[in-house]
Amino acid sequence: MNDILILIYGNPIAETIRENEILFPWIESLHVLAVTLVIGSIALVDLRLIGIRALNRPISSISKELLPITWMAFLVAAVTGALLFTSNALSYSQNFHFLGKMILLGLAGVNMMCFQFIIGKNIDSWNHYQQLPTSARLSGAISLALWVSIIFFGRWIGFTLEPVLAVS
Amino acid sequence: MQNSALLHFCYYLESTSLNAVIQDNLWIVATMQSIHILAIASVLVGVLLINLRILGIHGQSEPIATVITRYQALIWFALPVLLITGCIMIVGEPARSLTNPAFQLKMLMLAIVILITLHFQKTWRNNHSYAHADLGNRLLSIVSLALWIGIVAAGRWIAYA
């Protein structure tokens, strides 16, 4: 495992990001921008699922409107996040908040799959519903809680990251 | 901008007991920053949907006015949250923020983008047509998106500038 991390740490892109003073903050800015759009768009869908917001609009049209934004922003967040990770792979991989964030991300993914393929597979038949079935409302609440935690964990990485030297 | 009045104000903030409390409890700044980011998320998604509609890229099945009415609350409810969490961060670390060029640029961009947002709301308050936005407003909407990107970037750069 450590060998792989050292390999990641030593790749030319990682070196460039580490050694260039302005690259890291710029990638970080892009990461924040993308992450806020991911959670902002997901939260609007979640709030409709829970039954707090936009009750007079069908969930199917809300998710159709917002999901393209979510996925595009997620792609940018994942790429910039990976770049930030490589620049300091050893430190991140030992950081509690980074690992926690990755686990929460995984859980959010599982929750989304459950909604996509089980709970919400008849989403179009809910078009005239104001309040959705309990399972859908629960799914929205779990998603929102996970994504808010992801933001908190992500911010804490910056306060707890400790330098780990790549000495093999 | 680094005049002596501003510096004196920073020293004053640094002498307050609230500053000491924030300095002694790392979790306060971390929590304020996290809430700040969540509020930014609310603003950005609202701003993006409104501006993409004005540009004619997204959501054309509805009039511009409908989209503005639906999403403007995301901006205006989040701004007070941003103001409060932002002020707490400033009291905690006044010199890191107030005298920081990145912070000052961020405030300037914020002032301009708020004016543009108000202008959009005024323009489409009584205009519920499906007509395209004119060139001027489409350009303004590109400026608005660019300013919000700049605001987020400047916010992150406060930590480095």
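None of these values were measured; they are calculated from a predicted model. Proteins come first, then strands; the chains are lettered A, B, ... in the order of their sequence lines, and each starts at number 1. Worth knowing before you read on, the calculation uses all heavy atoms, side chains too, and leaves out hydrogens, waters and symmetry mates.
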task = Starting at CG of Leu74(B), measure out to CG of Leu44(A) and round the result to the nearest 0.5 Å.
result = 5.5 Å
task = State whether the number of non-hydrogen atoms from other residues, nucleotides or ligands found under 6.0 Å of Phe74(A) atom CZ is greater than 12.
result = no
query = Does one hydrophobic cluster hold both Met72(A) and Ile150(A), with members joined at side-chain heavy-atom distances below 4.5 Å?
reply = no
note = Separation between CH2 (Trp27(B)) and CZ (Phe152(A)), nearest 0.5 Å, reads 10.5 Å
key: Hydrophobic cluster identity match, Tyr9(A) and Phe85(A), side-chain contacts under 4.5 Å   = yes
inquiry  = Just verifying a value: how many Å separate Leu33(A) CG and Ile151(B) CD1, rounded to the nearest 0.5 Å?
reply    = 11.0 Å
request  = Kindly check if the number of other-residue, nucleotide or ligand heavy atoms within 6.0 Å of OH (Tyr160(B)) is above 12?
outcome  = yes
inquiry  = So for Ile149(B), is it side chain, backbone, both, or neither that comes closer than 4.5 Å to the heavy atoms of chain A?
reply    = both
same_hphob_cluster(Ile142(A), Ile52(A)) at 4.5 Å side-chain heavy-atom cutoff = no
Nearest heavy-atom neighbours spanning Arg155(A) and Ser34(B) = CB-OG, 3.4 Å
Residue of the set Val43(B), Leu44(B), Leu38(B) for which side-chain contact (heavy atoms from CB on, under 4.5 Å) holds with Thr36(A) = Leu44(B)
task = Supply the atom-to-atom distance Arg70(B) CZ to Arg53(A) CZ, rounded to the nearest 0.5 angstrom.
result = 8.0 Å
ask   = Are Ile35(B) and Val35(A) linked, directly or through other ILVMFWY residues, by side chains that come within less than 4.5 angstrom of each other?
value = yes
inquiry  = Taking Glu65(A)'s backbone N and O only, do any of them form a donor-acceptor pair with His58(B)'s side chain (distance below 3.5 Å, no angle check)?
reply    = yes
query = Going from CD1 on Ile69(A) to CG on Leu48(B), what distance comes out if it is rounded to the nearest 0.5 angstrom?
reply = 5.0 Å
request  = Side chain from CB out, backbone as N, CA, C, O: work out which of these in Thr31(B) comes under 4.5 Å of a heavy atom of chain A, or both, or neither.
outcome  = both
query = In this structure, are over 12 heavy atoms from other groups packed under 6.0 Å from Glu19(A) atom CD?
reply = yes
